[in-house]
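Note sheet for the following structure.
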Amino acid sequence: KAGVTQTPRYLIKTRGQQVTLSCSPISGHRSVSWYQQTPGQGLQFLFEYFSETQRNKGNFPGRFSGRQFSNSRSEMNVSTLELGDSALYLCASSHGTPPTETQYFGPGTRLLVL
Amino acid sequence: GNSVTQMEGPVTLSEEAFLTINCTYTATGYPSLFWYVQYPGEGLQLLLKATKADDKGSNKGFEATYRKETTSFHLEKGSVQVSDSAVYFCALTAGINFGNEKLTFGTGTRLTIIP
């Protein structure tokens, strides 16, 4: 079974631009979660989508948004990029229903904001 | 809220040494506990998990036991290899209640194994 895939793997943007990251979950998984990983803050939860609905949200500004499509693929958007948005963005998928809540991660998208 | 406290790194060991990475947690309800590993330049891989008290998760020679009385989930391996060099993250989810898929992570412990 194919794993979680994320595109693109690397991105370079400048301040003020916006960016869209994509995540394709494992087949059959309906939940997609997004995490931001930085050296200073570690791994932080952004949001989770289940069946096209945002079910859970972390403590990030409104510049960070996401959506999920009917095929469970998800996109994450960051508008008006800031230098501090430079990070590895990880997507994880799971079945999304108890008790099989184990999350499986993709390789991540590394975003550099200049 | 939920939190995970992990042993500070980095940890450097010789090959075939015994490994322990400490992890304690604070959570309401009945959390599930996980260890994830991150190799250089990669995403996170699930190493093992335990979903209820006294469960032991194991994989690739690594073990961890869910201790509710001490709120701990320490990672152990009897004989480490160079290929075990990576960053290890302890994490929890809030439990099996619907809608609680958020993982809370520890800060990570960088492990380096010297031949």
Side-chain angles (χ1 to χ4, degrees), chain A residues 3-7 9-10 21 23-26 29-51 53-60 68 72 74 87-110, chain B residues 1-10 23 25 27 29-53 55 57-59 64 66 73 86-110:
Chain A
V4 178
T5 58
Q6 292 186 246
T7 57
R9 293 292 309 277
Y10 304 93
L21 312 182
C23 172
S24 292
I26 292 171
H29 284 189
R30 296 165 64 190
S31 170
V32 173
S33 298
W34 289 88
Y35 295 83
Q36 181 196 63
Q37 185 178 24
T38 60
Q41 299 299 316
L43 280 153
Q44 294 186 288
F45 172 77
L46 280 154
F47 31 65
E48 184 234 353
Y49 286 85
F50 180 81
S51 293
T53 300
Q54 187 181 86
R55 192 167 64 171
N56 211 341
K57 189 177 188 302
N59 190 25
F60 277 80
Q68 186 180 34
S72 293
S74 177
L88 180 67
Y89 290 88
L90 293 165
C91 164
S93 77
S94 73
H95 286 288
T97 55
T100 54
E101 77 280 16
T102 301
Q103 295 184 35
Y104 297 89
F105 284 79
T109 294
R110 188 166 296 279
Chain B
N2 300 329
S3 67
V4 176
T5 302
Q6 210 175 315
M7 178 174 166
E8 290 284 333
C23 171
Y25 68 89
Y30 303 94
S32 295
L33 301 173
F34 304 84
W35 277 100
Y36 282 88
V37 58
Q38 186 174 36
Y39 297 101
E42 299 185 12
L44 299 175
Q45 296 180 23
L46 176 67
L47 182 59
L48 53 83
K49 69 174 184 179
T51 57
K52 61 183 187 296
D55 267 3
S58 61
N59 186 26
Y66 187 164
F73 193 55
V87 181
Y88 292 81
F89 292 92
C90 184
L92 64 83
T93 54
I96 62 171
N97 297 315
F98 187 78
N100 285 288
E101 291 289 318
K102 169 187 171 182
L103 272 166
T104 299
F105 286 92
T107 52
T109 301
R110 182 175 299 278

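The analysis underlying the following values was restricted to heavy atoms, covering all of them including side chains, and did not include hydrogens, waters or symmetry mates. Every value quoted in this text rests on a predicted model; they were computed, and no experiment measured them. Proteins get letters first, then strands, A, B, ... in listed order; numbering begins at 1 in each.
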>> Please find the pair of heavy atoms, one from A/Leu88 and one from B/Glu42, that lie closest to each other, and give the distance.
In response: CD2-O, 4.4 Å

>> Using heavy-atom distances under 4.5 Å, tell me whether B/Leu46 contacts chain A through its side chain, its backbone, both, or neither.
In response: side chain

> Is the CZ atom of B/Arg110 crowded by more than 12 outside heavy atoms at less than 6.0 Å?
Replying inline: no

> Where does A/Gln44 contact chain B at under 4.5 Å (heavy atoms): side chain, backbone, both or neither?
Replying inline: neither

> Quick one: what part of B/Gln45 sits under 4.5 Å from any heavy atom of chain A, side chain, backbone, both or neither?
Replying inline: neither

>> Quick check: closest heavy atoms across B/Lys102 and A/Tyr35, and the distance to 0.1 Å?
In response: C-OH, 4.0 Å

> B/Lys52: what forms a salt bridge (charged side-chain N to carboxylate O under 4.0 Å, His left out) with it, not counting sequence neighbours?
Replying inline: B/Asp55

>> If you compare all heavy atoms of A/Phe105 against all heavy atoms of B/Leu44, which two are closest, and at what distance to 0.1 Å?
In response: CB-O, 3.2 Å

> Under a 4.5 Å heavy-atom cut-off, does chain B meet the side chain of A/Arg110, its backbone, both or neither?
Replying inline: neither

> What distance do A/Gln103 atom CD and B/Phe34 atom CZ have between them, rounded to the nearest 0.5 Å?
Replying inline: 7.5 Å

> Got more than 12 heavy atoms from elsewhere within 6.0 Å of CD, A/Gln54?
Replying inline: yes

